[in-house]
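Along the sequence shown, residues carry numbers from 1. Just so it is clear, the structure is predicted and the values come from calculations on it, not from any experiment.
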Amino acid sequence: MGNPPSQHSDHAWHGLTAQQVLDEQHSSANGLSQVEAERRLQRHGANRLPPPQRRGPLLRLLYQFHNVLLYLMLVAALITALLGHWVDTSVILAAVLINVIIGFIQEGKAENALDAIRSMLSPHAMVLRDGERHEIDAERLVPGDVVLLASGDKVPADLRLISVKNLLVEEAALTGESVPVEKSMAHCNADAALGDRRCMAYSGTLVSSGQASGVVVATGANTELGRIGAMLQQVQALSTPLLRQIEQFSRWLAVIILILALATFILGILWHGQPPGEMFMMVVALTASAIPEGLPAIMTVILALGVQRMAGHNAIVRRLPAVETLGSVTVICSDKTGTLTRNEMTVQRVVSASRILDVSGVGYAPEGAFHQDGKVLEPDTELLEIARAAQLCNDARLQQDSAGHWLLHGDPTEGALLTLALKSGLDIQTLHTRLPRSDAIPFESEHRFMATLHHDHAGHGLVYLKGAPERVLEMCASQRSADGGNAPLDADYWRRQATDLAARGLRLLALACKTAPAEQRNLSFDDVEGGLTLLALVGIIDPPREEAIAAVAECQRAGIRVKMITGDHAETARAIGAQLGIGVGLPAMTGAELELLDDRRLREVLPGIEVFARASPEHKLRLVQAMQDSGQVVAMTGDGVNDAPALKRADVGVAMGLKGTEAAKEAAEVVLADDNFATIAGAVREGRAIYDNLKKFILFSLPTNGGQALIVIFAILFQVVLPLTPAQVLWINMVTSSTLGLALAFEPSERGLMKRAPRTPNEPLLSGFFVWRVVMVSVLIAGAGIGLFLWELQRGNSLDSARTIAVNAVVMCEIFYLLNSRSIFGSVLSRDALLGNRAVLVTITICLLLQLLFTYAPPLQGVFGSVGLSLDEWLRVLLASLALFSVAELEKWVVRRFGLHTQAV
């Protein structure tokens, strides 16, 4: 034998006949010789996916520090350490280490994505070598080998089928198609989509039933599975919107603090002639007061709490920042099968010669009824005959588990027919006892039907048959009429009904029957070639989840576009989309149509299309990238290997936990424990609440730090003795960041959260309005502290007493501003608004106790220079803080009154 051609993953083997493929591979139906196989193994290498290039454990660990959040935390830790504030330093460094360890573990898990794909390869294969059967390690397969497949086998390499007998292959992991695919030997168009290549069996897919042999055309990295693995390795995961905003915000904040500190240092030396050493220490105090060192730690806490809440709602977050990213998505691209649908085939329509019936209920549970013109119909003789045919001409089995769930053993389409029979009230056990099966013709792709022979105990024989409508029509001479008799077949009527059912995206089956002689015990093809009576057409579909319909509507109300990307047929995708409210009145696009568009044109047409069918892994990845290039924040859901590259590329990948492949789970940031789209909607709501709480914390922490900074700046510029010592500044920061700010992490979501439009992806963390809010509150806090400080000095009180009042004034202002901060724009002047977050009450209580210790405890008085205050001094502190609370609430009222909050977000 000559050398075979090199492998090409894009070679259109499906466009060649079986003999042409054997010729190109220099092989035969008897397979390769052992010598030739060994030679090809040396040339092509083992049939396994190449391991990815990986960083070592130490480099991986160090790389975890390369994160803007952690940079900000480390800077804060350094400053607090320089100032000797070891408690804050320890807390911040602990938060850094926790983040690094979590990131290290999660990256290790993420690197298992390719391992998960590699594990899908079959470990063994049955091949023909020198015309004899041999079981070998699948890794030793080479192009040109002839592989034998049987029911239950995992396909070990990409095969061009050369013989087929009743072969059904489960390809959902590669194509997303919800039912096993019927295979044949006939070649197809060279440009056929992956899901339409009936003469191919791909590595990693599963043989549901039947037998076949095929010649290996691709191994290892050249298989479809290998190509997806290569795509996954090349896809660059994006930074999250939050991290991009934090990076921008921290740079902005660092520049402002640096300019402020430098200007103050220079003015103090040149204008007031202060000694450089003393000015440096004052500027360090100013910097410490201005940097919100609690911000990164609190952000980590807020995200971690969000992870816990999501886990309680079946959404398991694998990477911390993804919690918030879900709240910022503008587009959700969802797989169809099992996510939007139940992945349980269901009969939805039954058409007989006399009527059209709708069937309610979804899934394999026998719950539902038959409806005609909107009215419930009790099963009659005609309907029971259809149900008997569905039950008896069937090899599947339904079983109820201990939890009450109905489980299918067998083909999903046959499972749908069993459920139909149960809904009619048939007793399965009794029916099989009364009409036991004598013989059967199993389903074969070339014949496109299945038939069974039954005999009752009175000597009557019956044949039941099901199959493709166009094939069954050829075999029927009559149709069953409403009175139970037979009438001549009206072929045009049945073709019209079949066209209508197909247009609704339903998969069609025809049911027929005929009598058989009492003595007949065997069933042949000749027995069913004619003389059958057509009973009904049934329309079957994988129905949408009811909760998914509501979740899609909720997302759309929230301004989030929901797009369905599936490997299934366009008609089925359109029908399911219409039921879900996706793509109603809009055209659907197939993968073949998508390939005709360049990137610019694709971005132009994307807003007008919500349903994409027959999509390959490349199509899904390209769609995600096109949406991101258009400025969208994209969430992608999926369960198959074919979804993994797009899951990794999306801003947030969401994998199915129950039926998803390990490759999909490892490539995603979020895993749904219940495979339910409604869980995604809940996670989006949680993500929005998290972002709200982050913004509330920032709006709380910046003015509190800003107020202290203004007090220090005032003292330096106007040569007033410092109202707050550096130690007192650090006390305030420790008390407020450790207690008050933490309460906002527990803030529940606000009403109307899912009625807002998604925020603009590139919006800054603080808008111009929020900068105004920060400045306003900073001035009010500084005014309260400076005003009371100067008043006490003017009244002749000691410096220690004035400073103690200033410290308490700042802290009390922060306590009251915390109540304001529970809602960015809404009023908090109600019982629920003031008392609705128990964490706020707890932290306020702790903060007040700490302030009493600061004011009256002798050890703390010695450290911080504080003194006890009288009741009237506390009253002045309380009035100053109430003034801040009132002004802040008044500002929010003005904003609401004139509708400014819609422009301020």
Side-chain angles (χ1 to χ4, degrees), residues 14 17-18 148-151 161-171 177 179-188 196-201 207-214 345 386 388-396 410-418 437-454 461-479 489 491 494-495 498 501-502 506-516 520-540 569:
H14 51 277
T17 65
L148 306 177
L149 298 175
S151 181
L161 300 174
I162 57 175
S163 73
V164 172
K165 186 174 182 182
N166 308 326
L167 186 67
L168 292 174
V169 179
E170 171 64 62
E171 294 185 332
E177 196 154 356
V179 294
V181 178
E182 177 188 334
K183 295 294 183 177
S184 68
M185 283 175 53
H187 67 284
C188 51
D196 293 325
R197 299 173 190 173
R198 304 290 180 175
C199 60
M200 298 290 295
V207 178
S208 296
S209 62
Q211 298 175 335
S213 63
M345 301 301 285
I386 295 168
R388 272 194 296 273
Q391 172 64 54
L392 294 172
C393 189
N394 203 313
D395 287 330
D411 181 77
T413 301
E414 291 196 324
L417 294 176
L418 287 183
R437 183 186 294 188
S438 305
D439 198 13
I441 299 175
F443 181 89
E444 293 188 10
S445 55
E446 54 265 41
H447 300 296
R448 303 172 67 200
F449 69 82
M450 172 186 177
T452 55
L453 173 64
H454 303 265
L462 270 173
V463 174
Y464 286 113
L465 181 143
K466 72 172 187 288
E470 58 273 22
R471 179 71 179 96
V472 176
L473 277 173
E474 296 171 358
M475 306 160 74
C476 291
S478 60
Q479 61 191 36
L489 185 73
W494 293 106
R495 289 191 186 99
L501 291 176
L506 300 172
R507 297 174 185 270
L508 307 185
L509 273 181
L511 300 173
C513 69
K514 69 180 294 187
T515 57
Q520 182 179 342
R521 295 297 165 181
N522 296 312
L523 196 59
S524 68
F525 287 105
D526 291 339
D527 295 326
V528 294
E529 277 304 319
L532 287 159
T533 299
L534 187 59
L535 297 176
L537 290 177
V538 293
I540 304 171
H569 294 281

task = Show the numbers, then the answer: is there a side chain to side chain contact (heavy atoms under 4.5 Å, CB included) between Phe449 and Ile441?
result = CA-CA 8 Å; Phe449 69 82; Ile441 299 175; 4.2 Å; yes

Specify the closest pair of heavy atoms between [X] and [Y], including all atoms of both residues, with the distance to one decimal.
X	Y	value
Ala536	Ile386	CB-CD1, 3.6 Å
Arg521	Leu453	C-CD2, 3.7 Å
Leu537	Ala510	CD2-CB, 3.7 Å
Asn522	Asp527	O-OD2, 3.7 Å
Ala416	Met345	CB-O, 3.4 Å
Arg197	Cys188	CA-SG, 3.9 Å

Answer yes or no: is there a donor N or O on one side and an acceptor on the other, between the side chain of [X] and the main chain of [Y], under 3.5 Å?
X	Y	result
Lys514	Cys476	no
Lys183	Met200	yes
Asp439	Leu523	yes

Report the distance from atom [atom1] of [X] to atom [atom2] of [Y], rounding to the nearest 0.5 Å.
X	Y	atom1	atom2	answer
Leu509	Glu414	CG	CD	9.0 Å
His454	Arg388	NE2	CZ	11.5 Å
Glu170	Asp411	CD	CG	10.0 Å
Arg507	Leu501	CZ	CG	14.0 Å
Leu418	Gln391	CG	CD	5.0 Å
Leu167	Ser208	CG	OG	8.5 Å

task = Could you tell me whether Arg471 and Glu529 make a salt bridge, using a distance below 4.0 angstrom between a side-chain N and a carboxylate O?
result = yes

task = Flag the pair Arg448 and Glu470 as a salt bridge only when some basic side-chain nitrogen lies within less than 4.0 angstrom of an acidic carboxylate oxygen.
result = yes

message = For His569 and Asp196: C-alpha separation, side-chain torsions, deciding distance, then whether side chain to side chain contact (heavy atoms under 4.5 Å, CB included) applies.
response = CA-CA 9 Å; His569 294 281; Asp196 293 325; 3.8 Å; yes

Contact between [X] and [Y] at the side-chain level, heavy atoms closer than 4.5 Å - yes or no?
X	Y	value
Asp395	Phe443	no
Ser209	Leu168	yes
Leu534	Leu473	yes
Leu511	Cys393	no

query = Leu465 and Met450: side chain to side chain contact (heavy atoms under 4.5 Å, CB included), yes or no, with the steps?
reply = CA-CA 6 Å; Leu465 181 143; Met450 172 186 177; over 6 Å; no

key: Derivation and outcome, side chain to side chain contact (heavy atoms under 4.5 Å, CB included), residues Leu392 and Leu462   = CA-CA 10 Å; Leu392 294 172; Leu462 270 173; over 6 Å; no

